Amino acid sequence: MAVPAFTIEGGALSVPLHVLSMGPGGRIALPNGTTAVYVEIGTNSFDTLDEWLLPNEPHAFVVSFEPLVDKWALMLARNSKSRIAGALGHHHPRGIILPFAVSDKEGIANFYVSPRDGCSSLRAM
């Protein structure tokens with residue numbers, strides 16, 4: 001089944017988007033020497049593991065999830081350099097960030113965006 005280049009539904013323009021280059025077998029490629037993997041859920045763009053954990057744990061790797069596209073983009077920009085292609089999905093040489101919310105239930109769910117930064121949730125407000 002072909003994926004459309006874009007869709008317009010309910011006043012929203014959406015596109016399929018490549019968010020991470022995967023390693024062999026569809027796995028996240030970890031740097032050699034990685035001894036710990038941390039998962040950060042609801043990263044936002046402040047008080048993040050890439051800033052306060054990774055500098056102190058040189059063999060750690062962080063997998064972050066941030067469903068708000070503006071915050072996800074801010075995090076991706078941390079690993080961007082002008083005129084140099086960065087590793088897709090990496091917000092740090094030892095971390096990736098994905099634009100997804102995380103739940104204990106499988107499937108698609110509504111995500112409620114709060115006007116107050118850091119307060120959005122899968123839980124209805």
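Treat the numbers as computed from the prediction; the structure is a model and nothing was measured.
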(Q) Please report the interatomic distance CD1(Ile28) to CE(Met22), rounded to the nearest 0.5 Å. (A) 5.5 Å
Q. Which pair of heavy atoms, one from Pro93 and one from Pro31, lies closest together, and at what distance?
A. O-CG, 4.1 Å
Q) How close do Thr34 and Ala36 get, heavy atom to heavy atom, and via which atoms? A) CG2-O, 3.5 Å
Q: State, to 0.1 Å, how close Pro16 and Ala5 come at their nearest heavy-atom pair, and which atoms those are.
A: CD-O, 3.4 Å
(Q) Do Leu20 and Leu88 have side chains that approach each other closer than 4.5 Å (heavy atoms only, starting at C-beta)? (A) no
Q: Verify the cluster assignment for Ile41 and Trp72: are they in a single hydrophobic cluster under the rule of side-chain heavy atoms below 4.5 Å apart?
A: yes
Q: Indicate the atoms forming the closest heavy-atom contact of Ser120 with Ser114, along with that distance.
A: OG-N, 2.9 Å
Q.
Under a 3.5 Å distance rule, please check whether His90 uses its side chain to pair with a backbone N or O of Ile96 as donor and acceptor.
A. no
Q) Can Phe6 be reached from Val19 by stepping across I, L, V, M, F, W or Y side chains whose heavy atoms are under 4.5 Å apart? A) no
**Q.** Residue pair His92 / Leu49, side-chain heavy-atom distance below 4.5 Å
**A.** no
Q. Hey, is CG on Leu17 packed in by over 12 heavy atoms from elsewhere, all under 6.0 Å?
A. yes
Q: Working to the nearest 0.5 Å, report the span between CZ of Arg94 and OH of Tyr38.
A: 11.0 Å
(Q) Nearest 0.5 Å, please: how far is CZ in Arg78 from OG1 in Thr48? (A) 4.0 Å
Q. Do Tyr112 and Ile108 belong together in a cluster built from hydrophobic side chains that touch within less than 4.5 Å?
A. no
Q) Just how far is it from atom OG1 of Thr43 to atom CG of Leu74, taken to the nearest 0.5 Å? A) 12.0 Å
Q: Report whether Phe65 and Leu30 are members of the same hydrophobic cluster (ILVMFWY, side-chain heavy atoms less than 4.5 Å apart, transitive linking).
A: yes
Q: Quick one: pull up OG in Ser45 and CG in Leu68 and give me the separation to the nearest 0.5 Å.
A: 9.5 Å
Q: Report yes or no: do Val102 and Leu122 belong to one cluster of Ile/Leu/Val/Met/Phe/Trp/Tyr joined by side chain heavy-atom distances under 4.5 Å?
A: no
Q: Please say which of Ile97, Asp50, Leu53, Val37 ends up in a side-chain contact (heavy atoms from CB on, under 4.5 Å) with Val62.
A: Leu53
Q | Distance, nearest 0.5 Å, that separates NE2 of His91 from CG of Leu54 | A | 7.0 Å
